[in-house]
Amino acid sequence: YWRLGWAGALFVFFAVLLCVFGGWTGVRALFTFFFSCLAIWKILVPAVLNGASATIVSFATVAVLTAVIVFLVAGLTRVGAAAFLGSMLGVASSLFLAWFFSGVMYIDGATMPFAQQLVYANADIVSLRNIFVGSVILASSGAVMDLAMDIASGMEELVLKRPELPRKELFLSGIRIGRSVVGTMTTTLLLAYSGGYLTLLMMFAAQGTGFVDIVTNPHVASELAKTLVGSFGLVLVTPFTALVSSWVM
C-alpha cells in the first residue's frame with residue numbers, strides 16, 4: 001500500500017500544479033485527464049473483452065475524447081470544428097495505414113506486453129491484431145489533436161487580422177504553420193515510443209546483434225510500424241486541418 005500512497009501524493013501534486021499554473025484551463029485539462037482515464041478503463045477495455053472490435057472501439061473512443069477535449073478547450077466555435085475534423089481525418093488515416101501495414105508486415109500484435117496472457121484468458125474473444133491497430137491510433141491521437149488545434153487557432157488569428165485573405169492563401173498559411181510544429185511532434189512520438197522498448201535495444205546492443213536482425217525482429221518491427229504510422233497520421237493532419245479550416249473560417 002505504500003506505493004499507492006506515494007502515487008496518490010504524486011497525483012495530488014500534479015493536480016495542484018496544473019490548476020495553479022493553468023487556472024481554469026488547468027482545471028479543464030484535469031477534467032479531460034479524468035475523463036480519458038474513465039473512457040479507456042470503463043468503456044474501451046470492457047467492450048473489447050466482451051467481443052467488440054478493438055479497432056472500431058478505439059476509433060470511437062478517440063472520437064469521443066477528441067470531441068470532449070477540443071470543444072472543452074475551444075468551445076463550440078469554428079476553431080473547435082476545424083480542429084476536430086482535422087484530427088479525425090488524421091486519426092482515420094492512421095487507422096487505415098496501421099491496418100494495411102500490420103497485414104503486409106505480418107504484425108499480429110503478439111509482441112505487445114502481456115499479449116500471451118490475454119490470449120490465454122480470452123482466446124475466443126480477443127484479436128491481437130485489432131488491439132495493435134487500436135493501440136496505434138490511441139497512442140498518436142493526443143499529438144494529432146494538439147497539432148490540429150495549433151493549426152486551427154493560428155488560422156483563425158489570420159482570419160481575424162486579415163478577413164480579406166483568399167481561401168487559397170489561408171490554406172497555404174495553415175500548411176506553413178503546420179510545418180513549424182510537425183518536425184518536433186514527430187520526434188516527440190519517436191522518443192515516446194522508443195522509451196518503451198529501451199531495454200530491448202540495450203539487449204540487442206549487448207549481444208552485438210546486427211542492424212538487419214534488429215529491424216526484422218518482430219518486437220522491433222511492430223514498434224517501428226507503430227512509430228511510422230503514428231508519424232504519418234501526424235504529418236497528414238496538417239493538410240487536412242488547413243483544408244478544413246480554410247473552408248470553415
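Heavy atoms only: backbone and side chains are in, while hydrogens, waters and symmetry mates are out. Numbers here are sequence positions counted from 1. Values in this document were obtained by computation on a predicted structure and should not be read as measured data.
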Check: Going by heavy atoms in the side chains, are L147 and T241 under 4.5 Å from each other?
Finding: no
Item checked: Test salt bridge (Lys or Arg N to Asp or Glu O under 4.0 Å) applied to R167 - qualifying residues, sequence neighbours left out -> none
Item checked: Residues in side-chain contact (heavy atoms from CB on, under 4.5 Å) contact with A81, at least two apart in sequence or another chain -> none
Item checked: Heavy-atom closest contact (T55 atom, I137 atom, distance) -> O-CD1, 4.2 Å
Check: Between CZ of F21 and CG of L18, what distance do you get to the nearest 0.5 Å?
Finding: 9.5 Å
Next item on the list: Flag the pair I69 / F35 as yes when at least one side-chain heavy-atom distance between them is below 4.5 Å, and no otherwise.
Entry: no
Note to self: Give me the atom names and distance for the closest heavy-atom approach of M145 to V70.
What the structure shows: CG-CG2, 3.7 Å
Check: Looking at residues at least two apart in the chain, or sitting in another chain, which of them share a side chain to side chain donor-acceptor pair (under 3.5 Å) with S36?
Finding: none
Margin query: Quick check on the hydrophobic clustering: are I43 and V64 connected, directly or via other members, by side-chain heavy-atom contacts under 4.5 Å?
Written below: no
Checklist line | Approximate separation, where rounding is to 0.5 Å, of S231 OG and L236 CG | finding: 10.5 Å
Check: Does F34 have any ring-ring contact (aromatic ring centres under 6.0 Å, His included) partners at least two apart in sequence or in another chain, and if so, which?
Finding: F11
Notebook entry, point to check: Are V27 and V16 connected in the hydrophobic side-chain network, where two residues link if heavy atoms are under 4.5 Å apart?
Noted result: no
Next item on the list: Any side-chain hydrogen bond (donor to acceptor under 3.5 Å, both in side chains) involving residues 144-166? Give me the pairs, sequence neighbours left out, ordered by first then second residue.
Entry: R162-E164
Check: Can you name the nearest heavy-atom pair linking G230 to S140, along with the distance?
Finding: CA-CB, 3.9 Å
Checklist line | Heavy-atom check, side chain of V79 versus side chain of M249, under 4.5 Å | finding: yes
Note to self: Applying side chain to side chain donor-acceptor pair (under 3.5 Å), can you list everything that pairs with T61, at least two apart in sequence or on another chain?
What the structure shows: none
Item checked: Heavy-atom pair of closest approach, residues C19 and L30 -> SG-CD2, 4.0 Å
Next item on the list: Quick one: list whatever passes side chain to side chain donor-acceptor pair (under 3.5 Å) with R179, sequence neighbours left out.
Entry: none
Notebook entry, point to check: Going only through I, L, V, M, F, W and Y residues with side-chain contacts under 4.5 Å, is there a path from V159 to V248?
Noted result: yes
Margin query: Who clusters with I175? Use side-chain heavy atoms, under 4.5 angstrom, across I, L, V, M, F, W and Y, and order the result by chain and number.
Written below: F171, L172, L243, W247
Next item on the list: Please name all residues satisfying side-chain contact (heavy atoms from CB on, under 4.5 Å) with S102, sequence neighbours left out, ordered by chain then number.
Entry: I107, R129, F132, V133
Next item on the list: Quick one: closest heavy-atom pair of L170 and S245, and the distance?
Entry: CD2-O, 4.2 Å
Next item on the list: Starting at CG of N130, measure out to OG of S135 and round the result to the nearest 0.5 Å.
Entry: 10.5 Å
Margin query: Please enumerate all residues that pass ring-ring contact (aromatic ring centres under 6.0 Å, His included) together with F84, with sequence neighbours excluded.
Written below: F71
Check: Looking only at heavy atoms, which two atoms of L160 and P163 are closest? And how far apart?
Finding: O-CD, 4.0 Å
Notebook entry, point to check: When you look at CZ of F232, are more than 12 heavy atoms from neighbouring residues, nucleotides or ligands closer to it than 6.0 Å?
Noted result: no
Can you give me every donor-acceptor pair (side chain of residues 85-101, partner residue at least two apart or in another chain, under 3.5 Å) with its distance?
unit_1 : atom_1 : unit_2 : atom_2 : d
S87    : OG     : A83    : O      : 2.7
S93    : OG     : L89    : O      : 2.9
S94    : OG     : G90    : O      : 3.2

Notebook entry, point to check: Who passes side-chain contact (heavy atoms from CB on, under 4.5 Å) against L138, sequence neighbours left out?
Noted result: I40, L44, V62
Next item on the list: Could you check T32 against V73 for side-chain contact (heavy atoms from CB on, under 4.5 Å), going step by step and ending with a plain yes or no?
Entry: CA-CA 10 Å; T32 59; V73 172; 5.9 Å; no
Check: Counting only heavy atoms not in I56, do more than 12 sit closer than 6.0 Å to its CD1 atom?
Finding: no
Next item on the list: Report yes or no: do L65 and L72 belong to one cluster of Ile/Leu/Val/Met/Phe/Trp/Tyr joined by side chain heavy-atom distances under 4.5 Å?
Entry: yes
